[in-house]
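The structure appears below as structure tokens.
So that the names make sense, note that chain A is the first sequence line, chain B the second, and so on, each numbered from 1.
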Number of protein chains: 2
Amino acid sequence: MTRPATRPLTLRDVSEASGVSEMTVSRVLRNRGDVSAATREKVLRAAKQLGYVPNKIAGALASQRVNLVAVIIPSMSNMVFPEVMTGISRALEETDLQPVVGITDYLPEKEEKVLYEMLSWRPSGVIIAGLEHSDASRAMMAAAGIPVVEIMDTDGTPIDAAVGISHRRAGRMMGQAILEAGYRRIGFMGTQLGADHRARKRFEGFTEALAKGGVEIEDREFYANGSALAKGREMTQAMLERSPELDFLYYSNDMIGAGGLLWLVEKGYDVPGKIGLAGFNDVRLLQGLPQKLATMDSCREEIGRRAAEMITARLTDPDAPGGKVELSPKINRGDTLRSR
Amino acid sequence: MTRPATRPLTLRDVSEASGVSEMTVSRVLRNRGDVSAATREKVLRAAKQLGYVPNKIAGALASQRVNLVAVIIPSMSNMVFPEVMTGISRALEETDLQPVVGITDYLPEKEEKVLYEMLSWRPSGVIIAGLEHSDASRAMMAAAGIPVVEIMDTDGTPIDAAVGISHRRAGRMMGQAILEAGYRRIGFMGTQLGADHRARKRFEGFTEALAKGGVEIEDREFYANGSALAKGREMTQAMLERSPELDFLYYSNDMIGAGGLLWLVEKGYDVPGKIGLAGFNDVRLLQGLPQKLATMDSCREEIGRRAAEMITARLTDPDAPGGKVELSPKINRGDTLRSR
DNA sequence: TTGAAAGCGCTAACAT
DNA sequence: ATGTTAGCGCTTTCAA
């Protein structure tokens with residue numbers, strides 16, 4: 001079954017063990033071309049017996065094809081991205097393509113490095129989060145000659161194709177909904193708006209919608225590191241001590257929103273009577289909180305699925321439609337955003 | 001800067017553009033051997049100008065080395081594994097190795113498939129979760145002739161090397177702590193104990209410790225899918241309606257424990273006066289709950305770091321010590337496990 | 001310091 | 001249905 005780990009096995013070993021030419025062995029192992037059942041059996045038995053694992057490096061070099069799709073995302077601990085991955089994996093499971101993930105930590109330089117590293121393996125396609133990339137990154141992707149799908153965001157111009165939502169519009173929608181519900185004294189909490197372009201766009205859309213209603217944000221607070229739940233709790237406390245007149249808190253993500261909600265409930269605030277709340281993302285994880293936080297679905301799994309489908313489509317037909325696909329997120333009012 | 005995406009660029013293109021032999025171009029691009037500063041400059045400029053990205057497939061085939069470490073884990077949505085990944089990435093950042101992740105969804109057949117797929121890229125090492133693998137998987141790893149580190153668990157015999165904690169002991173420790181604190185009527189909630197060997201071992205250790213104190217679990221409930229927080233809430237409610245006499249609930253992970261805690265606090269239970277609680281994993285995410293759940297650190301980041309270090313050590317020195325490294329998890333009593 | 005030649009292990013294309 | 005040949009794009013080795 002096994003052998004002392006020495007030199008890795010090659011096709012030639014299988015060929016010799018089975019008495020069949022390397023070429024035919026190769027055919028059997030890839031289910032290609034016509035091979036008689038008898039030969040097939042012989043080869044399979046020999047390969048299994050030896051414990052042969054094909055060398056994809058050699059195969060890829062010879063065939064000039066690599067069944068890998070590079071997926072480049074900022075983080076894995078954001079909840080959002082594992083769900084995008086689920087969508088991608090599901091869609092690719094029916095094909096012979098495999099996702100390979102690279103993490104950028106929201107750093108453009110790291111994105112560039114990861115991209116370079118992945119492209120050097122000559123993947124069949126790239127799925128990458130966001131529309132903002134360094135010039136060098138854009139150049140690499142444009143020059144790679146493979147389908148590139150930018151995901152999550154549609155506010156901008158894709159290199160090749162894009163699937164996502166308009167975060168600016170998402171922010172506007174939530175702003176409008178809050179005004180329509182009758183809230184007027186609004187506080188905002190979120191991540192530092194530097195590296196996270198999508199959070200920034202939501203914020204811009206949000207303030208824009210408020211401005212149209214003649215309302216301005218009265219207080220705001222940003223955070224960088226730490227447990228989001230704990231941060232939401234702390235920031236909410238700090239903000240309400242500073243600005244007790246607020247009647248609505250808009251959080252840039254559900255986790256800090258949940259932290260805020262827990263603190264408010266604990267302190268006996270009437271939510272949403274005295275104060276309304278909303279987050280963003282609709283993370284499944286948070287089902288099970290005392291109240292359901294108002295939020296907005298960011299269509300993560302669908303984004304992943306559609307992106308993968310675009311890759312496969314353009315691989316089969318290079319002229320398959322690219323362009324921008326904008327999905328429509330829906331507001332979920334939960335228990336914390338009610339007309340008053 | 002860029003060119004219309006046609007044929008991918010090769011070393012030869014850079015060679016021609018710079019008027020330097022392919023060999024010397026290769027040397028420059030890999031910082032190998034002595035190359036004059038002038039030549040170096042010429043080459044670098046030409047490469048950048050063209051937007052050349054090296055072909056690692058060809059490079060790997062020629063050099064017979066691949067700077068990839070296969071990391072095989074059951075899931076990304078378990079909180080636990082992203083943190084292990086963090087430890088691995090940190091440790092590998094100082095080397096020229098790169099982690100590549102494969103997901104098994106807790107399915108042995110999928111593990112086998114992923115392993116086969118990854119080994120066919122001839123990685124420099126393997127880090128894989130758990131000690132339980134199919135015969136074929138074990139055979140592949142043994143035959144690969146590369147360092148293999150099994151992580152998370154030490155209750156069993158590693159193929160090559162292992163870093164983790166003893167989940168059996170972890171379960172025992174928690175059982176003892178609960179008895180010592182004076183609780184006697186104990187309920188258990190957790191995932192279905194089929195595929196998750198580590199959860200099963202914790203459960204076994206737990207019941208063993210209770211048995212030693214003459215105590216038996218009075219009620220138990222298992223779940224398979226769904227939001228862990230919501231499940232914890234539902235199961236806790238169901239169990240306490242069924243068995244109101246319980247004075248302690250042991251959850252097989254922090255997320256369902258948190259769900260239970262939220263429900264109990266909401267219903268006005270006195271925690272830990274009337275009823276104590278404990279989970280497992282010490283997930284950072286949950287900082288920010290109304291009370292701090294008793295739990296046990298599973299040393300995830302350290303496990304990742306140590307595993308990566310073992311890989312690099314055995315790569316530099318094939319005789320570097322392998323064997324089993326058992327880390328010592330500590331109980332964190334939080335607010336929900338107090339002597340009574 | 002630079003270059004030339006010979007493969008790495010496989011597969012495409014072409015026999016047979 | 002099976003075998004033969006000629007590379008894939010790099011790096012190793014050896015020579016200059």
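- The stretch residues 54-64 of chain B touches DNA chain C through B:Leu61, B:Ala62, B:Gln64, each having a heavy atom under 4.0 angstrom from the strand.
- Between B:Met118 and B:Val126 there is no side-chain heavy-atom pair separated by less than 4.5 Å.
- Within the structure, a side-chain polar atom (N or O) of B:Tyr52 is placed less than 4.0 Å from OP1 or OP2 of D:dC10.
- No hydrogens or angles were tested; on distance alone, nothing pairs the side chain of A:Arg122 with the base of D:dG9 as donor and acceptor under 3.5 Å.
- At whole-Å resolution of the value, CG in B:Asn67 and P in D:dT11 are 12 Å apart.
- In this structure, the CG atom of B:Asp13 is 13 Å from the C1' atom of D:dC10, given to the nearest Å.
- The interatomic distance linking B:Arg27 (CZ) with C:dA4 (C1') rounds to 11 Å, in whole Å.
- From A:Leu92, atom CG reaches atom CD1 of A:Ile311 across 8.5 Å, with rounding to the nearest 0.5 Å.
- The residue A:Arg30 sits close only to the backbone: its heavy atoms come under 4.0 Å of sugar-phosphate atoms, none of a base.
- Note: CE (A:Met23) to P (C:dT16) measures 17 Å, nearest angstrom.
- Put simply, CG on B:Leu29 is 13 Å from C1' on D:dG9, counting in whole angstrom units.
- Pairing each heavy atom of B:Arg138 with each of B:Leu131, the nearest pair is NH1-O, 3.7 Å.
- Between A:Glu16 and A:Arg12 a salt bridge is recorded (basic side-chain N to carboxylate O distance below 4.0 Å).
- Mapping B:Glu22 and A:Leu11 onto DNA chain C by nearest heavy atom places B:Glu22 at the nucleotide closer to the 5' end.
- For C:dT1, neither phosphate oxygen OP1 nor OP2 lies less than 4.0 angstrom from any side-chain nitrogen or oxygen of B:Thr24.
- For A:Ser26 and C:dC10, the shortest distance from a side-chain N or O to OP1 or OP2 is not below 4.0 Å.
- The distance between atom CZ of A:Arg32 and atom P of C:dC14, rounded to the nearest whole Å, is 17 Å.
- Residue A:Glu41 contributes atom CD, which lies 16 Å from atom P of D:dA1 at whole-angstrom precision.
- The nucleotide whose nearest atom lies closest to any side-chain atom of B:Thr10 is, among D:dC10, C:dG3, C:dT2, D:dC10.
- For the side-chain contact (heavy atoms from CB on, under 4.5 Å) with B:Val163, the qualifying choice from B:Lys324, B:Met310, B:Glu326 is B:Met310, the only one to do so.
- With a 4.5 Å cut-off on side-chain heavy atoms, A:Arg90 and A:Arg305 do not count as touching.
- With 3.5 Å as the limit, one finds a donor-acceptor pair spanning the side chains of A:Arg300 and A:Ser298.
- In this structure, CZ of A:Arg40 is placed 13 Å from P of D:dA1, rounded to the nearest angstrom.
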